[in-house]
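Notes follow the structure.
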There are 2 protein chains.
Amino acid sequence: MGRRRRTNATLMSVAAAAGVSRQTVSNVLNAPDRVAIDTRARVESAIESLHYRPNRAARSLRTQVSRLIGYCIMPATPGMLNPVLDRFAHAITEAASDRGFHILLFTTAGGRAGLDRYAELLSQLTVDGFILSDTVVGDPRQGWLTERGVPFVAFGRAWRNEEQGAWVDVDGAAGVTLAVEHVYGLGHRRIAFIGWPGGSGVGDDRLAGYESSCARLGVTPLVVRDVGGIEQGRVLAHRVLDAPDPPTALVCVSDADALGALRAVTERGLRPGHDVAVVGFDDISSAGMPGFDLTSVSQPIEEAGRAVVNMLLSRLNAIERGTSSSESGADVDAVAHLLLKPTLVIRSSSDPTTAMETPR
Amino acid sequence: MGRRRRTNATLMSVAAAAGVSRQTVSNVLNAPDRVAIDTRARVESAIESLHYRPNRAARSLRTQVSRLIGYCIMPATPGMLNPVLDRFAHAITEAASDRGFHILLFTTAGGRAGLDRYAELLSQLTVDGFILSDTVVGDPRQGWLTERGVPFVAFGRAWRNEEQGAWVDVDGAAGVTLAVEHVYGLGHRRIAFIGWPGGSGVGDDRLAGYESSCARLGVTPLVVRDVGGIEQGRVLAHRVLDAPDPPTALVCVSDADALGALRAVTERGLRPGHDVAVVGFDDISSAGMPGFDLTSVSQPIEEAGRAVVNMLLSRLNAIERGTSSSESGADVDAVAHLLLKPTLVIRSSSDPTTAMETPR
DNA sequence: AACCAGATTTTGAACGATCAAACAAGCACG
DNA sequence: CGTGCTTGTTTGATCGTTCAAAATCTGGTT
């Protein structure tokens with residue numbers, strides 16, 4: 001039987017069915033207010049009955065707009081936790097789809113070498129703009145894209161040059177402040193911070209939150225640092241707990257470090273939450289597991305995804321309307337930043353009264 | 001300055017630069033053997049110096065092929081572990097890109113309601129085919145797509161009707177067999193299986209592996225079941241360990257259940273690996289963490305991703321060449337199945353000799 | 001010199017939509 | 001009654017590529 005390529009309805013076939021011209025059908029779709037009410041109804045029912053959908057390629061060829069957004073995903077680092085990708089990917093897909101856009105995945109080599117891929121997708125007119133994530137300090141992409149006037153929004157600040165391009169980010173400093181205030185409110189006065197080396201934008205941001213809230217609360221700051229990871233967190237936690245007059249609360253720059261710290265605490269025969277409070281950052285899926293039940297700063301990833309898409313689409317619209325040309329170009333290129341506030345999910349690693357019931 | 005929309009090179013501009021006609025340039029790209037060797041060189045250098053890339057929309061409009069593959073991602077269940085998405089997404093993106101294709105993300109409502117989206121993407125000619133994942137028993141998608149002759153490959157079997165469409169899957173039975181043989185090899189003779197309710201394809205597959213290897217090794221099977229999850233695994237583990245003559249090894253249908261089982265073992269004052277071996281399935285990122293160090297069956301996700309893409313592309317090629325029409329249609333519609341073997345990652349939850357070093 | 005086969009290149013004609021401008025009809029106004 | 005304005009609809013051209021067929025060139029044959 002058949003299975004031949006189904007020939008889809010076209011503007012012409014719909015026009016014929018409704019007894020009007022191509023352009024009228026096109027207007028029904030793109031500028032309904034220009035069409036007389038009864039003509040519109042007639043065309044709409046023809047569209048309905050023929051299951052007509054405008055051909056994307058044809059539209060895109062004519063308008064020079066693809067309604068596709070490029071999203072580069074990084075090679076998954078084995079063993080590394082990527083708490084963000086799937087939630088973020090889902091959020092941007094959903095948000096884009098509500099506005100008639102789609103997300104196109106691609107991968108590149110890291111750093112400057114990968115820029116070719118961006119160029120390729122652009123010059124083929126495959127995508128209208130990009131969503132960046134996993135931005136790093138000194139990331140070449142923002143500068144490269146800005147130079148070429150390519151619309152993009154990054155999830156994560158451009159750490160070196162804040163004014164470069166639009167971004168949405170989660171306020172790490174505010175997150176750590178929540179964490180410090182939480183343990184302070186529980187009575188802790190010796191609060192250590194387990195961090196990453198200086199120079200990573202994310203790590204420095206979170207550290208800044210620690211330092212400022214210590215200053216405000218009159219707590220003497222105690223910072224230890226390593227490259228990050230479960231094992232590193234464990235070692236650092238042991239180190240600060242070995243000190244005379246050790247801290248009673250450990251605020252960590254990431255959940256991986258916090259899980260290590262948690263382990264160190266148990267290894268010393270101390271009870272997390274009771275004897276030493278541990279707080280992480282990211283609220284990865286393991287955090288809520290029994291056995292960890294880690295208090296953690298949770299990022300509003302879905303909200304960030306929606307915001308990134310909205311910001312990108314408004315830039316695309318602005319460009320489409322020619323706003324970007326010489327005179328009034330400023331408002332398109334206006335730097336758009338959005339810093340979202342994270343929330344603190346309190347679990348028993350910091351507050352034993354929230355311990356999960358463990359029925360038997 | 002500028003920032004105006006960059007006008008890309010076209011076939012015509014390249015042709016002018018090289019002193020040939022449109023079609024010759026097109027031939028250099030699509031059928032180089034038809035072009036004289038020196039003409040080809042001239043055209044190629046013109047392409048190079050103008051940075052020409054064929055316009056996707058135009059090509060797609062003419063050829064009726066988009067070189068885009070749709071991939072539907074499911075709403076991330078909060079708190080649930082999705083060990084697969086990011087690795088799989090990355091693998092298919094990479095594999096597709098090697099062959100000039102791209103992955104287009106979309107989301108749908110589950111079940112039959114979501115089928116509209118597939119129809120929409122198809123009738124707009126946005127995508128050439130689909131990759132399905134998270135297939136469930138009684139999934140309507142395979143049947144729907146097959147009926148319409150839409151090329152697709154599923155990651156995961158069509159559980160109810162194995163002949164329906166192409167799929168790649170990981171052999172769950174083989175995975176559990178590895179697990180059972182592993183603990184048997186360590187001397188365990190009372191081996192229980194913590195499973196899911198009957199009726200889930202994946203769960204039944206894995207259970208089948210348990211039952212057949214028990215039969216082969218002469219082990220009395222002991223199966224307990226619940227809906228799955230950390231808490232359920234913990235409760236089930238307690239139940240079997242409460243029995244007289246309790247098992248010394250727990251093979252679990254998933255890592256979530258295994259993590260629960262692990263916790264149950266420690267709660268009883270037993271040492272995982274020494275007193276009771278615990279094995280999971282999926283090798284989620286938490287599995288390797290200190291504190292768990294869970295032996296687990298690991299799926300070759302990257303390989304599966306590549307296989308899915310290859311299978312889909314070969315179907316697309318076949319259709320493009322008209323092979324699908326009446327007479328020789330059989331070989332395209334030939335059911336293509338690929339069952340990959342998982343591997344066992346042995347850690348200290350089953351074999352204490354592999355315990356991680358825990359320096360201080 | 002005429003002819004032919006093969007290799008190479010060029011020329012119309014699509015693909016299906018939108019833009020820009022032209023056209024038609026209806027109505028008010030001087 | 002002609003003119004201008006508004007509203008609604010249609011027509012030609014175009015986006016950049018590939019298909020199909022026609023045109024040109026080359027060299028060998030008869």
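This is a predicted model, so every value here is computed, not measured. So you know, we letter chains A, B, ... as the sequences are listed, proteins then strands, and number each from 1.
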Between CE of B:M12 and P of C:dG12 the distance, given in whole Å, is 12 Å

Remember a base hit wins even if backbone is also touched, and classify A:T39 as base, sugar-phosphate or nothing at under 4.0 Å, heavy atoms. sugar-phosphate

Side chain to side chain contact (heavy atoms under 4.5 Å, CB included) with B:W144: of B:R141, B:Q142, B:R148, only one passes, and it is B:R148

Aromatic centroids of B:F130 and B:F106 separated by under 6.0 Å: yes

Output for pair (A:S66 OG, A:L61 CG), nearest 0.5 Å, gives 12.0 Å

Considering all heavy atoms, the nearest A:V127-A:I69 contact: CG1-C, 4.2 Å

Side-chain H-bond candidate by donor/acceptor type, B:N27 with B:R40, under 3.5 Å: no

Quick check: do A:E120 and A:D116 have side-chain heavy atoms less than 4.5 Å from each other? no

Consider the side chain of A:A36, meaning its heavy atoms from C-beta on, and name the nucleotide among D:dG8, D:dT18, D:dG16 that approaches it most closely. D:dG8

Of all of residues 15-23 of chain B, which get a heavy atom below 4.0 angstrom from DNA chain C, listed by number? B:V20, B:S21, B:R22, B:Q23

Should the side chain of A:R62 and the base of C:dT18 be counted as holding a donor-acceptor pair, with the cut-off at 3.5 Å? yes

Any base atoms under 4.0 Å from A:T24, or only sugar-phosphate, or nothing? Heavy atoms, all strands. base

Nucleotide C:dA17, atom C1' - distance to CG of A:L29 in whole Å: 11 Å

Are B:F88 and B:Y71 close enough that their ring centres sit under 6.0 Å apart? yes

I'd like a list of close polar pairs between nucleotides 24-27 of chain C and the protein, N/O only, cut-off under 3.5 Å.
none

Between C:dT10, C:dT18, D:dG8, which one does the side chain of B:N27 approach most closely? C:dT10

